[in-house]
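Okay, structure first, notes after.
Order of appearance sets the numbers: ligands from 1, and atoms from 1 within every ligand. Sequential numbering from 1 along the given sequence is applied to the chain's residues. Everything numeric here is computed off the predicted structure, so don't read it as measured data.
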Amino acid sequence: MIWLIIFFIVFIAISITMFQATFIAAPWVPSGRKTINKIIEVAGIKKDDLVYDLGSGDGRWLIRIAKNTEASKVIGFEISLLPYIISRVKLLFTRKNNIKVLFNDFLKTDLSKANVILCFLTPKAMIKLEPKLKNELKPNSTFISYAFKLPNTKPHSIAKVGSKSLPIYLYKY
Ligand SMILES: C[S@@+](CC[C@H](N)C(=O)[O-])C[C@H]1O[C@@H](n2cnc3c(N)ncnc32)[C@H](O)[C@@H]1O
């Protein structure tokens, strides 16, 4: 009986945080390996860069960036419990000590320390994020959004994995 109650509580917690994330910014929709490879290619991540992934899902971008670039630190922000727990478990098996995932709302997080900021969200989230990026990002920071563009900022460049794939928008601040 106690296991049934624990299962029910965990199920409710997972469902509530999933709805919350979807309502605030975006649902959990994992992206493909080719997408993050392309993002790494266009981001130009350098040795001392601090990389933030806004809505890091199951941590796939964080792990790939930590393994394939010289970024000093890679930090993910995630508020949906299921992908957050999955990413923490994946990090336990990743022999990299420069990755961190925080159970934090990125809209309530100071973004000013990051040099490179990545996301895959929704058009609604881009509207909320645009003024925050403008106020907080320091000069020479790079912002990359997969699939959705900022409504009022001109991208520096647009890349694609293939002709039918979604765009990767790159912005320079
Ligand atoms: C479309 S998924 C992208 C996941 C991952 N970047 C990938 O490509 O596989 C968006 C993620 O953002 C998370 N999210 C939505 N709003 C958030 C917020 N305000 N703070 C932190 N994470 C959020 C969702 O829970 C979801 O996991």
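Residue-to-ligand polar distances keep P83 apart from ligand 1: every N/O pair is separated by 3.5 Å or more. The shortest N or O to N or O distance between I24 and ligand 1 is not under 3.5 Å. By the 3.5 Å distance cut-off applied to N or O atoms, D58 is not counted among the residues near ligand 1.
The contact set between ligand 1 and A21, taken as ligand atoms under 4.0 Å from a residue heavy atom, comprises 15 (C), 16 (N), 24 (C), 25 (O). Less than 4.0 angstrom separates some heavy atom of V29 from each of these atoms of ligand 1: 1 (C), 2 (S), 3 (C). Distances below 4.0 Å separate heavy atoms of N104 from the following atoms of ligand 1: 20 (N), 21 (C). Close approach of ligand 1 to F77 (heavy-atom distance below 4.0 Å) involves ligand atoms 21 (C), 22 (N).
Of all protein heavy atoms, the one closest to atom 5 (C) of ligand 1 is G55 O, 3.7 Å. Scanning the protein heavy atoms around atom 16 (N) of ligand 1, the nearest turns out to be A25 CB, 3.2 Å. When hydrogens are left out, the protein atom nearest atom 8 (O) of ligand 1 is S31 OG, 2.5 Å; that is the closest non-hydrogen contact.
Side chains of S72 and K47: a donor-acceptor N/O pair is absent below 3.5 angstrom, by distance only.
In this structure, CD1 on I65 lies 9.0 Å from CG on N68, to the nearest 0.5 angstrom. To the nearest 0.5 angstrom, I63 atom CD1 is 11.5 Å from K96 atom NZ.
Contacts with ligand 1 closer than 4.0 Å are made by no heavy atom of Y146, backbone or side chain. Heavy atoms of D105 found under 4.0 angstrom from ligand 1 belong to the backbone as well as the side chain.
Looking only at distances, a side-chain donor or acceptor of K138 sits under 3.5 Å from a matching main-chain atom of K113. Distance alone, capped at 3.5 Å, places no donor-acceptor pair between the Q20 side chain and the I79 backbone. Using modelled atom types, no side-chain atom of E78 and backbone atom of Y84 make a donor-acceptor pair closer than 3.5 Å.
Screening L129, L111, L118 for a side chain to side chain contact (heavy atoms under 4.5 Å, CB included) with F143, the sole residue that qualifies is L129.
Relative to atom 25 (O) of ligand 1, the option among K124, E78, R60, R33 with the closest non-hydrogen atom is E78.
Contact annotation: P27 has at least one heavy atom less than 4.0 Å from an atom of ligand 1.
Geometrically, K124 engages F23 in a cation-pi contact, judged by NZ or CZ lying under 6.0 Å from the ring centre and within 45° of the ring axis.
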